Amino acid sequence: MGLGNKETILITRLEELRTKKGITVQALAEKSGVGRSTIYLYEQGNKRISIKSTWKILDALGIDNFINLNELVEVDAYCYKPKARKFNI
């Protein structure tokens with residue numbers, strides 16, 4: 001499974017932020033609620049990162065708005081587009 005270029009950039013930036021702030025993977029896992037082994041897999045490029053996990057990790061790193069995320073990735077591709085919902089009336 002290959003990661004897309006934008007996803008690779010995002011994961012690289014998240015790892016850079018984590019290490020720059022002196023946060024261990026274990027501490028990030030505890031603060032974000034994302035599993036330690038999952039974070040390792042993301043950072044190694046062995047697992048695709050979900051939008052939900054991305055926001056949990058960003059929140060734990062103190063990145064709390066889309067503008068900062070956009071600056072991190074330097075693209076506008078990480079807009080969350082929810083699926084249309086069907087309502088039974």
Side-chain angles (χ1 to χ4, degrees):
M1 156 186 48
L3 301 178
N5 186 47
K6 293 171 186 173
E7 189 172 13
T8 301
I9 292 168
L10 173 65
I11 291 168
T12 300
R13 297 288 190 269
L14 293 175
E15 184 178 8
E16 288 171 356
L17 268 177
R18 179 183 64 74
T19 56
K20 183 178 179 179
K21 292 179 176 243
I23 300 171
T24 65
V25 172
Q26 179 65 39
L28 182 59
E30 290 171 4
K31 189 169 183 178
S32 69
V34 176
R36 180 178 49 86
S37 60
T38 300
I39 293 172
Y40 276 121
L41 289 172
Y42 292 152
E43 290 186 357
Q44 297 301 312
N46 293 323
K47 183 175 175 84
R48 296 193 69 124
I49 191 166
S50 69
I51 295 293
K52 186 176 181 178
S53 291
T54 300
W55 288 114
K56 286 180 174 184
I57 291 170
L58 288 169
D59 186 50
L61 291 172
I63 307 297
D64 60 0
N65 63 53
F66 179 78
I67 293 169
N68 286 347
L69 174 60
N70 200 32
E71 291 169 0
L72 274 176
V73 182
E74 299 175 350
V75 295
D76 61 352
Y78 277 90
C79 296
Y80 175 66
K81 295 179 182 177
K83 294 180 181 178
R85 295 183 181 185
K86 294 182 182 178
F87 296 97
N88 294 326
I89 300 177

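Fair warning: this is a prediction, and the values are worked out from it, not measured in the lab.
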*Asks:* Treating Ile, Leu, Val, Met, Phe, Trp and Tyr as nodes and any side-chain heavy-atom pair under 4.5 angstrom as an edge, say whether Leu41 and Ile49 lie in one connected cluster.
*Replies:*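 Leu41 and Ile49: separate clusters.
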
*Asks:* Output the distance between atom CD1 (Ile63) and atom OG1 (Thr54), rounded to the nearest 0.5 Å.
*Replies:* 12.5 Å

*Asks:* I'd like to check the side-chain contact (heavy atoms from CB on, under 4.5 Å) partners of Ser50; sequence neighbours left out, ordered by chain and number.
*Replies:* Tyr42, Lys52, Ser53

*Asks:* List, one per line, each side-chain donor-acceptor pair under 3.5 Å for residues 26-34, sequence neighbours excluded.
*Replies:*
unit_1	atom_1	unit_2	atom_2	d
Gln26	OE1	Arg36	NE	3.0
Gln26	NE2	Glu30	OE2	2.9
Lys31	NZ	Ala60	O	3.4
Ser32	OG	Leu28	O	2.8
Ser32	OG	Val34	N	3.1

*Asks:* To the nearest 0.5 Å, how far apart are CD1 in Ile23 and CD1 in Ile57?
*Replies:* 11.0 Å

*Asks:* What pair of heavy atoms forms the shortest contact from Val25 to Glu43, and how long is it?
*Replies:* CG2-OE1, 4.0 Å

*Asks:* For a side chain to side chain contact (heavy atoms under 4.5 Å, CB included) check, start with the C-alpha distance between Leu58 and Leu14, then their side-chain angles and the critical distance, and finish with the verdict.
*Replies:* CA-CA 8 Å; Leu58 288 169; Leu14 293 175; 3.4 Å; yes

*Asks:* Go through it in stages, so that I can follow the logic: the residues are Leu17 and Arg13, the test is side chain to side chain contact (heavy atoms under 4.5 Å, CB included), and I'd like the CA-CA distance, side-chain angles, deciding distance and then a yes or no.
*Replies:* CA-CA 6 Å; Leu17 268 177; Arg13 297 288 190 269; 5.8 Å; no

*Asks:* Would you please name every residue forming a salt bridge (Lys or Arg N to Asp or Glu O under 4.0 Å) with Glu15, sequence neighbours left out?
*Replies:*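 Glu15: no salt bridge (Lys or Arg N to Asp or Glu O under 4.0 Å) contacts found.
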
*Asks:* Using 0.5 Å steps for rounding, measure from the CZ atom of Arg48 to the CD1 atom of Ile11.
*Replies:*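 Answer rounded to 0.5 Å: 8.5 Å.
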
*Asks:* Examine distances only and state if a side-chain atom of Lys21 and a backbone atom of Leu61 form a donor-acceptor pair shorter than 3.5 Å.
*Replies:* yes

